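When reading the values below, keep in mind they use all heavy atoms of this one structure, side chains included, and skip hydrogens, waters and symmetry mates. For clarity, every value in this text was computed on a predicted model and none was experimentally measured. Chain identifiers are assigned alphabetically (A, B, ...) following the order of the sequence lines, protein sequences preceding nucleic acid strands; residue numbering begins at 1 within each chain.
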2 protein chains.
Amino acid sequence: MSSTPRAWTEPAQRPVPAGAPEPLPEPARDELRLEVVMGALSDPLRMHIVRTLLLESEEFDHTCGWFGLDRPKSSLTHHFRTLREAGLIRQRQYGLERRSHVRVDDLQARFPGLLALVADWQQ
Amino acid sequence: MSSTPRAWTEPAQRPVPAGAPEPLPEPARDELRLEVVMGALSDPLRMHIVRTLLLESEEFDHTCGWFGLDRPKSSLTHHFRTLREAGLIRQRQYGLERRSHVRVDDLQARFPGLLALVADWQQ
DNA sequence: TTCGCAGTACGACTTGCATCGTACTGCGGC
DNA sequence: GCCGCAGTACGATGCAAGTCGTACTGCGAA
């Protein structure tokens, strides 16, 4: 995994740490809808979030605040929820923070090649 | 899989017939934006149109009416224009009719794998 | 030249979404 | 206990998009 910087091409995802909180409500893998996923990615800010998360998520999950986005917190909540409800990201509550990562396995299984397009996206 | 007649996986597109009208205004290949394309595909009716066109377009282009969609004509005009302005389809005016086909070459070049996802989409 | 047809243009209505301020919650540190 | 912080919930607002009826255009056939 560390030999190539593009972990999103790998089918395997790093294991969930023991004791991690349950993910927030999200669609199951077989409930993912391509048109809903694409609708979530049709917003440039959300595309940016997913792409950044994808290319930086090898080490650990990230909080909303980590991105340094210049938007009010309530706007970020809205976009992260949209991404989670579309099935693009998984969110877990760690104490104060809500950490996110891309659902690489599920997305690769259902929509192979989609994440490669996201990774190649240019702002 | 590679023996099946899925022309959308081929880089080449059938040639334009001599004397065909000029295409209606559309974004150039290098102006295509992934988030705009995905926004156009986020509507189930438009996804259906593109997918149908993709899987049936080997023979000839198709008119709006060919699809047999149960919507008023003005709604179809709206959706076909959205698809054309996003760069998904090319439209030409043949006398009375406006015929459409998917821009396979351009989309494969800019967003490889995207059309495969569309072709695998289930209503 | 008159009619019918494919599709557009326009406008009105409605819905959904992005945006954001403000109040609130829940956890951890002091 | 008390406070600060991350993030949510709620509500208001403005705007873009979907929907559709109706009038219109432009071509071809009778």
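Listed for the A:Arg46 side chain is a donor-acceptor partner under 3.5 Å among the backbone atoms of A:Ala40. B:Arg84 places no side-chain N or O within 3.5 Å of a backbone atom of B:Glu26 that could act as its donor or acceptor partner.
With rounding to whole Å, B:Leu76 atom CG is found 14 Å from D:dG21 atom C1'. Taking atom CG of residue A:Leu45 and atom C1' of nucleotide C:dC17, one finds them 14 Å apart after rounding to whole Å. In this structure, the CD atom of B:Glu97 is 11 Å from the C1' atom of D:dC27, given to the nearest Å. Spacing between atom CZ of B:Phe80 and atom P of C:dT8 amounts to 9 Å, rounded to whole angstrom units. The interatomic distance linking B:Asp70 (CG) with D:dT19 (C1') rounds to 13 Å, in whole Å. If you take CD of A:Glu85 and C1' of C:dA18, they are 15 Å apart, rounded to a whole angstrom. For the pair B:Arg92 CZ and C:dG7 C1', the interatomic distance rounds to 18 Å; values are reported in whole Å. Distance CD (B:Gln91) to P (C:dG7): 10 Å, rounded to an integer number of Å.
Between B:Arg71 and D:dT19 there is a side-chain N or O to OP1 or OP2 distance below 4.0 Å. A sub-4.0 Å separation between OP1 or OP2 of C:dA9 and a side-chain N or O of B:Arg81 is present. Remark: B:Arg98 is in phosphate contact with C:dT8, judged by side-chain N or O atoms under 4.0 Å from OP1 or OP2. Residue B:Thr77 has a polar side-chain atom (N or O) positioned under 4.0 Å from OP1 or OP2 of C:dT8. Taking only side-chain nitrogens and oxygens, A:Arg46 comes nearer than 4.0 Å to OP1 or OP2 of C:dA18.
Of the listed nucleotides (C:dT8, D:dC20, D:dG18), D:dC20 has the atom at the smallest distance from the side chain of B:Ser74. When the nucleotides D:dT22, C:dA6, D:dT8 are ranked by their closest atom to the side chain of B:Lys73, C:dA6 comes out on top. Comparing C:dC20, C:dA18, D:dG18 against the side chain of A:His79 picks out C:dA18 as the nearest. If you check D:dA6, C:dA18, D:dG18 against the side chain of B:Asp43, the one that comes closest is D:dG18.
Counted by atom type alone, B:Gln91 and B:Arg98 present zero donor-acceptor pairs between their side chains at under 3.5 Å.
The CZ atom of B:Arg51 sits 12.5 Å away from the CG atom of B:Leu41 when rounded to the nearest 0.5 Å.
At the heavy-atom level, B:His78 lies under 4.0 Å from base atoms of the strands shown.
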Legend entry - Derivation and outcome, side chain to side chain contact (heavy atoms under 4.5 Å, CB included), residues B:Leu34 and A:Gln122: CA-CA 9 Å; B:Leu34 181 59; A:Gln122 315 223 21; over 6 Å; no

